[in-house]
Amino acid sequence: MLKLKAILAFVVTAVFLCAASAIAAPIVIKFSHVVAEDTPKGIMANKFRDLVAERLAGKVVVEVYPNSQLFGDTNEMEALLLGDVHLIAPALAKFQKYTPLLQIYDLPFLFKDMAAVDKFQQGPHGQAMIHSMKDKGIIGLGYLHNGFKVLSASDPIRLPSDAKNKKFRIMTSDVLAAQFEAVGAMPIKKPFSEVFTLLQTKAIDGAENPWSNLYSQKFYEVQSYITESNHGVLDYLVVSSSEFWEGLPADIRTVLEGCLKESIALGNKVSAQKDLEDKQKIIDSKRSQLITLTPEERQAWVEAMKPVWKKFEEAVGKENLAAAIAANN
Ligand code: LMR
């Protein structure tokens, strides 16, 4: 009798263990980014996490790591390729090592507004660029807007000559380096996570960013002047590694793509609002003085910086450049 009971207990335990192991653990998607949560990218990432929690409950869990908490500018692409993180959304300027094409977005004064950026991105040339890093194992999943960049500095910058010999932090883009060199300034490539300290300690004189980054990173508290130059766009590409993304079960990937589409649409909507709201919050803070350029002053910047296009037209592709220019009409 005792022996029978022991056998029964063994069988029950074995069945229980088999059933438990049959319930698969959810797929974990780590989404790392370098900005604050209350920014277009931060809001997009959190929305993606929430949509996935609703639609793929028990199957997929998205973990979001903002503010360079997990990986930053210096290592996020390598981490993506190693599978240590699964989604990132770097600024387009940060893909230079993987494709020359996306540098088109860094060309100064190329797009007149976000409608033109959208038109180019959604057209055949912009869409083809999304897939330009496949051979490097990187899959582009969608563009995301932030806004147009303005110049912040410790001294007032009104004309290109005011920028001469000043040190400006830039992202890792040779186009951005050429843009500042064109006005006699000194570009310094540094990760985003270091910008506040560099500005605060006056190791550099200025930087370029859209309003949401200036506000959420408190750059305006350590920069006395902001010149509303709107000289270039700062957008992102949401990317994964081909190995991870294509290795997902097809039905799950389809749902994830839907969640990404919706969260990117929200991020884009928010980017337009944040641009206005965060600019106003900075003005209201009175910590930094806004410099509005006259049409003649702005034209002086266009004339000084536009020759950079010629230098990079081969790298970004002449046809792409023509399509980008045409998107303004
Ligand atoms: C920067 O490095 O200046 C920005 O690209 C950061 C970001 O992701 O908005």
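Whatever order the structure lists them in is the order used to number ligands and atoms, beginning at 1. Predicted, not measured: the structure shown is a model, and the values here were computed from it. Start at 1 with the first residue, then count along the sequence.
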K.L.:
Quick one: which of T39, D275, D278, N146 gives a side chain to side chain donor-acceptor pair (under 3.5 Å) with S212?
P.N.:
N146

K.L.:
Does any donor atom in the side chain of D174 or Q96 lie under 3.5 Å from an acceptor atom in the other side chain?
P.N.:
yes

K.L.:
Of the backbone atoms (N, CA, C, O) and the side-chain heavy atoms from C-beta on, which set of N209 has a member under 4.0 Å from an atom of ligand 1: side chain, backbone, both, or neither?
P.N.:
side chain

K.L.:
Does N146, backbone or side chain, put an N or O under 3.5 Å from an N or O of ligand 1?
P.N.:
no

K.L.:
Would you kindly check if the NZ (Lys) or CZ (Arg) of K41 is within the cone defined by 45 degrees around the ring axis of Y236 and under 6.0 Å from the six-membered ring centre?
P.N.:
yes

K.L.:
Given that the side chain starts at C-beta and the backbone is N, CA, C, O, which of these parts of N213 lies under 4.0 Å from ligand 1, counting heavy atoms, or is it both or neither?
P.N.:
side chain

K.L.:
Could you verify whether a donor N or O on one side chain and an acceptor N or O on the other, from Y143 and Y105, lie under 3.5 Å apart?
P.N.:
yes

K.L.:
Find all atoms of ligand 1 within a distance of less than 4.0 Å from any non-hydrogen atom belonging to A91, and give their numbers and elements.
P.N.:
5 (O)

K.L.:
Could you tell me whether some N/O pair between K94 and ligand 1 is separated by less than 3.5 angstrom?
P.N.:
yes

K.L.:
Relative to the heavy atoms of M171, which atoms of ligand 1 are at a distance of less than 4.0 Å?
P.N.:
1 (C), 2 (O), 3 (O), 4 (C), 5 (O)

K.L.:
Could you find the nearest protein heavy atom to atom 3 (O) of ligand 1 and give me its residue, atom name and distance?
P.N.:
R169 NH1, 2.6 Å

K.L.:
Among protein heavy atoms, which sits nearest to atom 9 (O) of ligand 1, and what does the distance come to when rounded to 0.1 Å?
P.N.:
Y236 OH, 2.5 Å

K.L.:
Could you go through R158 and D162, starting from their C-alpha distance and side-chain angles, then the distance that decides it, and tell me whether this counts as salt bridge (Lys or Arg N to Asp or Glu O under 4.0 Å)?
P.N.:
CA-CA 6 Å; R158 205 165 251 293; D162 298 329; over 6 Å; no

K.L.:
Determine the interplanar angle of the F168 and F180 rings, folded into 0 to 90°, and report it as parallel if under 30°, tilted if 30 to 60°, perpendicular if over 60°.
P.N.:
parallel

K.L.:
Quick check against the 3.5 Å criterion: does W309 have a side-chain atom that pairs as donor or acceptor with the backbone of P108?
P.N.:
yes

K.L.:
Please work out whether any backbone atom (N, CA, C, O) or any side-chain heavy atom from C-beta onward of E194 is under 4.0 Å from ligand 1, and answer side chain, backbone, both or neither.
P.N.:
neither

K.L.:
Is the contact between K41 and ligand 1 made by the side chain, the backbone, both, or neither, using heavy atoms and a 4.0 Å cut-off?
P.N.:
side chain

